[in-house]
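Encoded as structure tokens, the structure appears first; notes follow it.
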Amino acid sequence: MKILVATEKPFAKIAVDGIRKVVEDAGYQLVLLEKYTDKNQLLSAVADADALIVRSDKADAQVIESAKNLKIIVRAGAGYDNIDLPAATAKGIVVMNTPGQNSNAVAELAIGMMIFMARGQFKGISGTELKGKKLGIHAYGYVGKAVATIAKGFGMDIYAFDPFISNDIMINDQVKPVASVEELYKISDYLSLHIPANEKTKKSIHYELLSLLPKGATLVNTARKEVICEESLKKMFETREDFKYVSDVAPDCHNELLKYEHRYYSTPKKQGAETAEANINAGIAAAKQIVAFFKHGDKTFQVNK
Ligand code: 3PG
């Protein structure tokens, strides 16, 4: 049984060692394709793989089509918008993610980005504090919840909107649930995005919503660039001199926004889940899920049901 780990952005070595141990202890073979630069490398590596572990690597219809033996794809992480689910389902391939495994790393970065913006991007000017500010968490999944946990320690006033999570869960975390997304945007000094990218959410963060943000608000995006309507983002920068945007998922209009130097920052390359801990957690969970699937038919984290 061949388990292919295909990562353009490789896991930390310690995580790869852990994945190898899980795979080899199960009697399977680990094949590594790291830092590949050409899709053809992935197409040929996947050709005889039985299982595939990826990060944000694109497993599109062509990749899935060229994988003759593939039975399972595990996205070592949360968002599986990089995998063509209909193509996988059509071939009877099980697709899973590893929910929660890298969420603390992303949450720490989101809070770090808030401090970075509050302190004038560490350029030595007088800034502001997070304490007492209103934090709006848009989607209260694993990352949203972890952001709330950390923000509590900073003394932030925390609100969340998530139609799929019960109010009781938020209240139990000392987070105030709000009834609508508009209400959340209206009150948030810091708005942290944690929605997935799918057909419903793409470009859903538009001007009508953004313009509700209070004066001096900072939008923090450690989720996906696709959820933002970029025309709206540009309009916000043009019409609201107080608006700030910090991102770990650079927008296509990145170069156009660079002129707003004190109000805009994006990491050059997505690094939310780039920690040894997140790599170990998500990578080893992915390997264990594959072993459990082959040995026991366990499909617990399947997302293409
Ligand atoms: C995720 O969806 O898990 C995060 O965006 C991390 O993505 P990465 O594995 O490409 O860093």
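On a predicted model such as this, the values are computed, not experimentally measured, just so you know. Start at 1 and go down the list; that is how both ligands and their atoms are numbered.
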Protein neighbours of ligand 1 with a heavy atom under 4.0 Å, given by chain and number, are Lys9, Arg55, Ser56, Arg75, Gly77, Ala78, Gly79, Asn102, Arg224, Lys270, Ala273
Got a salt bridge between Glu274 and Arg55, using NZ or NE/NH1/NH2 to carboxylate O under 4.0 Å?
-> yes
Parallel under 30°, tilted from 30 to 60°, perpendicular over 60°: which one fits the rings of Tyr260 and Phe237?
-> parallel
How many angstroms lie between atom CD1 of Ile115 and atom CZ of Phe154, to the nearest 0.5 angstrom?
-> 3.5 Å
Salt-bridge present (Asp242, Lys215; N to O < 4.0 Å) | no
Looking just at side-chain N and O atoms, do Lys270 and Ser56 make a donor-acceptor pair shorter than 3.5 Å?
-> yes
Verify the distance criterion only: is there a donor paired with an acceptor across the side chains of Tyr185 and Ser211 at less than 3.5 Å?
-> no
